[in-house]
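One structure is given here, and the rest of the page talks about it.
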Amino acid sequence: MTNHWIDLKNSDCILIMGSNAAANHPISFKWVTEAMKRGGKLISVDPRFTQTSSKADFYAALRSGTDIAFLGGMIKYILDNNKYFTEYVAEYTNAGFIIADAFAFNDGLFSGYDSKGRKYDKSTWAFVKDEKGIPKKDRSLQDPHCVLQLLKKHYSRYDLDTVSTITGTPKQDLQTVYEMYASTGQPGKAGTIMYAMGWTQHTVGVQNIRTMAMIQLLLGNMGVAGGGVNALRGESNVQGSTDQCILFHIWPGYLKTPKASQPTLAVYNEQSTPKTSDPLSANWWGNYSKYSVSLLKSFFGDKATKENDFGFNWLPKIDDGKTYSWLDIFDAMYKGQFKGFFAWGQNPAASGANANKNRTAMTKLDWMVNVNIFDNETGSFWKGPGMDPKKIKTEVFMLPCSVSVEKEGSITNSGRWMQWRYKAANPPGQAWSDGDILIQLGKKLKYLYKQDKDAVFPEPIVNLKWDYTKHGEFDAHAMAKEINGYFLKDVTIKGTLYKKGDLVPSFAFLQNDGSTSSANWLYCNSYTGKGNMAARREREKSGIGLNLGWAWCWPVNRRIIYNRASVDKYGKPWDKERPVVAWDPNAGGGKGGWVGDVPDGGWPPMLKADGTPNPATKYPFIMKPEGHAHIFGPGMADGPFPEHYEPMECPVEKNFLSSQRVNPVAPTYGTEMDIYKSCDPKFPFVGTTYRVCEHWQTGVMTRWQPWLLEAQPQVFVEMSQELAKMRGIKNGDKVIVESGRGKLEAVAMVTIRFRPFEIQGTTVHEVGLPWHFGWVHPKDGGESANVLTPSTGDPNTRIPETKAFMVNVRKA
Amino acid sequence: MNVTRRDFFKITGASAAGAAILGLGLDLKPLKSHAQTLKLRFAKETTTICCYCGVGCGLICSTGEAGAGKIINIEGDPDHPINEGSLCAKGAALSQLVNNDSRLTTPMYRAPYSTEWQKVSWDWALWTIAKRIKKTRDESFEQKNAKGQVVNRTTAIANVGSAALDNEECWLIQGLMRSLGLVYIEHQARI
């Protein structure tokens with residue numbers, strides 16, 4: 001979330017799309033309700049009429065996988081009707097930037113497409129620069145090659161008739177949503193989006209979100225209270241685990257995993273550091289080397305020296321252009337590439353797309369380590385449906401771990417709040433915390449590598465700093481302090497002496513000469529000389545809900561990011577009632593300063609009080625090299641403007657907008673278990689997955705709890721009355737749901753919440769299933785819905801497309 | 001109201017009279033009132049954050065016998081600014097996650113081609129795992145790739161998980177796996 005949960009109350013219009021927040025993030029509705037009490041409007045857009053829809057001022061249905069068409073129509077509406085916030089768009093976004101002549105878009109393909117490699121050469125998706133290397137701009141937004149004019153052209157095709165025939169949403173409903181939401185384009189009005197996996201789990205996942213981000217920029221909704229782009233994260237610490245980067249492509253703090261073509265730290269830093277020639281651009285990532293060197297100092301402590309490149313080459317590198325993502329892991333595992341596999345607190349046999357492929361893949365492993373609270377479909381895969389244990393070689397180690405209240409540490413919520421948890425009880429029996437398991441395993445490995453004179457490349461293991469213990473047990477405080485970072489020698493910065501061993505007050509103090517450590521620069525400021533900031537409990541007494549004294553928030557306790565876009569060029573808030581930050585000329589003894597939230601950099605506003613430009617200012621979007629938010633996104637894998645493509649499995653022969661039916665750069669896989677079925681009469685219905693309030697993810701933590709299981713005992717498939725009638729199915733009947741990859745038995749839930757769609761003149765039905773179940777427990781609870789879902793996903797993130805696929809439903 | 005929950009109890013006293021002021025009514029059943037005070041009088045209270053979705057609701061855990069015993073109650077934290085005491089069905093049932101007879105309590109091992117689990121000690125499990133890691137890693141370790149570029153990695157081991165862990169544990173996982181040379185490192189955020 002760019003904003004945070006309580007801030008939802010400040011919104012004038014909340015769009016919930018790609019999420020059923022009322023069921024899956026129920027407490028978020030406390031703040032949605034607050035907004036509605038103040039007169040804010042709630043819009044729900046979903047294939048199914050959900051609990052969220054039941055609370056909405058307006059509900060519109062759309063077919064799964066057509067969000068870009070829906071939102072592209074909104075962009076057209078905003079531009080055609082001049083509903084955009086002109087000053088904001090012209091000054092703070094790249095709408096006025098001039099794009100290279102060679103950039104083109106024809107019949108679903110952007111310039112630079114390589115049909116053999118199924119990828120783009122993005123060199124034509126470029127800003128034209130002046131002689132100083134600064135992007136040329138037309139802030140009047142009239143130049144035919146400027147982003148805004150190209151945007152108009154691109155979305156001119158997304159008229160109501162076209163959008164309606166793709167999405168199945170009635171034209172009047174589209175019009176109503178567009179009008180309601182676009183009303184937030186006025187200065188002082190705020191609209192927000194709440195989305196979740198309903199947007200990410202598509203072959204166009206990133207572009208779904210980008211389309212909305214572009215709308216938020218057009219309407220001036222970024223950086224303001226009640227605005228932003230707000231991903232509702234589904235796990236208590238999936239924000240934090242992403243920040244710590246348990247991901248193949250990034251190191252802690254969103255640094256880049258080094259590539260094989262980067263032989264030295266100097267080359268790696270040089271290629272990872274964006275450049276700008278514009279003195280008004282802060283280009284915050286210009287500090288890259290300070291963060292990477294401080295990270296290496298945390299990895300290897302005193303062993304990381306200037307002479308050995310701070311241990312840069314002790315860490316593994318990925319091949320240029322190759323991906324090592326979730327889908328790639330199970331594809332490689334299926335092909336027998338892996339001998340060993342760890343699954344910590346995760347149940348991939350039920351959670352991953354194409355679960356049958358993943359389960360078969362596990363039989364090819366030599367050994368697996370599964371750490372969990374309960375037995376689960378992953379650890380016990382060898383005795384699952386269709387498995388013969390006597391033929392499966394895999395050794396499995398199942399290790400019991402603590403639940404959250406049996407250990408101490410921090411988690412980071414969706415609003416980027418890092419909150420401390422205390423230990424309330426000891427774990428049962430011999431269960432250990434994951435931290436203790438990791439520490440002890442690491443110690444044993446270090447011992448083995450120290451002992452063995454023939455060990456292969458032992459340096460990274462032997463030299464890994466691994467002293468995060470107290471009385472022999474994992475000490476979360478020691479690790480949290482390392483994540484924040486230390487001064488490693490006495491230094492004087494701006495007249496203040498910091499002693500060796502002092503905690504670094506914030507990332508602005510980190511250095512690239514080895515004199516500081518920080519295991520995650522983004523969390524530098526979270527555990528300082530002032531103490532454990534995540535443990536703070538001071539509630540806001542009045543204000544807009546920032547709660548600056550409660551817990552801690554990255555970066556540097558800033559509660560709403562991009563907040564310098566919430567003010568005009570003089571530093572005056574667009575919204576006088578709900579200011580996030582404001583420039584106070586009298587603050588700082590007359591020097592002037594920002595009041596309110598921690599500003600996105602302390603530089604003064606763009607204009608002085610007399611209206612002349614202030615050379616000391618910086619543009620508000622400090623993480624972009626040009627300082628302007630990207631309406632035109634040249635870094636995307638699938639195009640600088642989002643374009644509608646059908647899901648990899650879809651019910652239509654043709655994309656109504658172009659000859660490219662599916663995303664031309666979406667990944668597919670080629671084993672015999674990777675099957676894709678579009679417009680196949682055997683699988684005529686759109687399928688989607690979702691969650692219910694009473695269960696969580698694959699259900700490993702909730703299926704074993706009597707109250708929750710009683711409330712939601714088994715897998716069901718929800719369908720319209722029309723579909724049920726056509727198939728002779730009654731509410732409560734046992735039915736078979738089947739895709740090209742697998743099938744499961746479910747209880748039919750026949751409701752009016754699903755309605756047939758009219759798509760390109762024909763009737764299309766959609767059904768949905770929760771994915772919380774699995775064969776281990778309860779015995780009659782049914783299987784994971786992921787036995788149905790395909791191995792394909794977004795070309796930028798490789799998040800699997802589990803929200804739109806094709807199925808059949810018949811009586812069991 | 002600018003009074004925290006703890007302040008409130010200090011003001012009212014954790015007594016039946018206090019309970020009446022709490023708005024529970026004068027016809028409060030004596031038993032219920034007694035149970036309420038027991039929890040407050042003898043339990044150790046610790047705050048936590050819910051382990052399910054990303055909202056980050058606050059809860060209060062009450063642990064019996066000055067913290068050495070079992071969790072006897074978990075409820076919403078009224079002082080927490082996000083949830084102000086309220087919880088969803090999962091959060092409200094959290095004590096059933098903790099106090100649950102189905103939990104794994106012993107390390108277990110499944111041998112190749114075996115049809116069953118066997119209980120093992122931590123010491124045996126971790127030493128055996130460490131040896132498996134070392135053997136697999138050392139046999140598969142690539143100091144250079146096909147192009148001759150230095151890569152220092154193993155592509156024979158993969159790791160997934162976990163968003164269910166604390167930040168500090170997440171750092172340990174990626175730290176340990178990266179130092180071993182793993183490049184296939186993923187978790188819930190990717191799916």
Side-chain angles (χ1 to χ4, degrees), chain A residues 5 25-27 233 235-236 238 240-242 244 246 260 316-318 324 326 329 338-346 367 389 393 396 398-400 404-405 409-410 413-414 419 421-422 424-425 428-430 434-435 438 442 444-445 448 456 460 464 476 479 539 547 693-694 696 704-705 707, chain B residues 46 48-49 51-57 61 63 71 81-83 88-89 93 96 98 102 104-108 110 112-113 115 130 132 134 136 138 141 145 149 151 153 156-172 174 176 178-179 181 183-187 189-190:
Chain A
W5 296 106
H25 300 85
I27 303 305
R233 310 220 57 170
E235 312 227 5
S236 60
V238 74
S241 58
T242 307
Q244 309 309 333
I246 312 177
K317 299 200 180 74
I318 54 177
Y324 301 78
W326 179 275
I329 285 179
F338 299 115
K339 286 190 159 60
F341 179 63
F342 296 90
W344 302 81
Q346 190 164 15
W367 53 268
K393 64 174 177 176
V396 185
M398 178 105 87
L399 306 179
S404 57
V405 301
S410 71
N413 79 358
S414 206
Q419 302 190 90
R421 302 197 288 205
Y422 297 90
Q430 296 180 48
D434 293 89
L438 283 157
K444 287 176 169 54
L445 283 160
L448 291 178
V456 178
L464 176 66
M479 187 72 240
R539 276 191 71 166
N547 281 285
C693 180
E694 293 80 5
W696 192 66
W704 299 88
Q705 296 184 43
W707 293 343
Chain B
T46 44
T48 192
I49 304 297
C51 60
Y52 294 111
C53 85
V55 173
C57 296
C61 302
T63 310
I71 298 278
I82 294 175
N83 61 312
C88 76
Q96 289 198 344
V98 186
S102 301
L104 299 172
T105 55
T106 314
M108 293 196 294
R110 184 262 174 180
Y113 310 108
T115 56
R132 297 286 185 276
K134 182 167 184 298
T136 305
D138 287 3
F141 203 77
N145 66 5
Q149 297 162 320
V151 290
R153 69 188 178 203
I157 309 174
N159 179 89
V160 301
S162 172
L165 271 52
D166 293 347
N167 282 315
E168 297 73 24
E169 296 172 324
C170 289
W171 201 95
L172 287 182
Q174 67 79 41
L176 184 61
R178 290 196 156 108
S179 75
V183 283
Y184 287 97
I185 298 173
E186 290 279 274
H187 81 290
R190 187 77 67 191

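Note that these values count all heavy atoms, side chains included, but never hydrogens, waters or copies made by symmetry. In what follows, chains carry the letters A, B, and so on, assigned in the order in which the sequence lines appear, proteins first and then strands, with residues in each chain numbered from 1.
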Open item on the list: Could you check whether A:Trp367 and A:Phe338 have their ring centres less than 6.0 Å apart?
Closed with: no
Best-contacting candidate, [options], against chain A by heavy atom pairs under 4.5 angstrom:
options                                : value
B:Leu172, B:Asn167, B:Thr136, B:Val151 : B:Asn167
B:Glu186, B:Arg110, B:Met108, B:His187 : B:Arg110
B:Ala164, B:Gly56, B:Cys57             : B:Gly56
B:Cys170, B:Ser102, B:Ala158           : B:Ala158
B:Arg132, B:Gln96, B:Gln149            : B:Gln96
B:Pro81, B:Ala93, B:Ala189, B:Ala156   : B:Pro81

Can you tell which part of [X] gets under 4.5 Å to a heavy atom of chain A, answering side chain, backbone, both or neither?
X        : answer
B:Asn145 : side chain
B:Cys88  : both
B:Phe141 : side chain

Against chain B, label [X] side chain, backbone, both or neither, depending on which of its atoms sit under 4.5 Å from a heavy atom there.
X        : value
A:Asp434 : both
A:Trp704 : both
A:Trp707 : both
A:Leu464 : side chain

Ignoring hydrogens and angles, tell me if any N or O in the side chain of [X] forms a donor-acceptor pair with the backbone of [Y] under 3.5 Å.
X        : Y        : answer
A:Gln419 : B:Ile49  : no
B:Glu168 : A:Ala476 : no
B:Glu169 : A:Gly435 : yes
B:Thr63  : A:Ala424 : yes
A:Ser414 : A:Arg233 : yes

Any idea which heavy atoms bring [X] and [Y] closest together, and the distance?
X        : Y        : value
B:Asn159 : A:Trp344 : OD1-NE1, 2.9 Å
B:Ala130 : A:Lys444 : CB-CB, 4.1 Å
A:Pro316 : B:Arg178 : CD-O, 3.0 Å

Among [options], which residue forms the greatest number of heavy-atom pairs with chain B at distances under 4.5 Å?
options                                : answer
A:Ile246, A:Leu438, A:Val396           : A:Ile246
A:Ile329, A:Ile318, A:Thr242, A:Asn547 : A:Ile329
A:Pro428, A:Ser236, A:Gly409, A:Cys693 : A:Ser236
A:Gly345, A:Ser410, A:Gly442           : A:Ser410
A:Pro26, A:Pro460, A:Gly240, A:Ser404  : A:Pro460
A:Val456, A:Val238, A:Leu445, A:Leu399 : A:Val456

TODO: Taking the side chain as every heavy atom from C-beta outward, state whether A:Tyr324 and B:Arg153 have any pair of such atoms under 4.5 Å apart.
DONE: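 Yes, side chains in contact.
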- [ ] Please round to the nearest 0.5 Å and tell me the distance separating atom OH of A:Tyr422 and atom SG of B:Cys61.
- [x] 12.5 Å
Open item on the list: Is it the case that over 12 heavy atoms from other parts of the model lie below 6.0 angstrom from the NZ atom of B:Lys134?
Closed with: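 Correct, the count exceeds 12.
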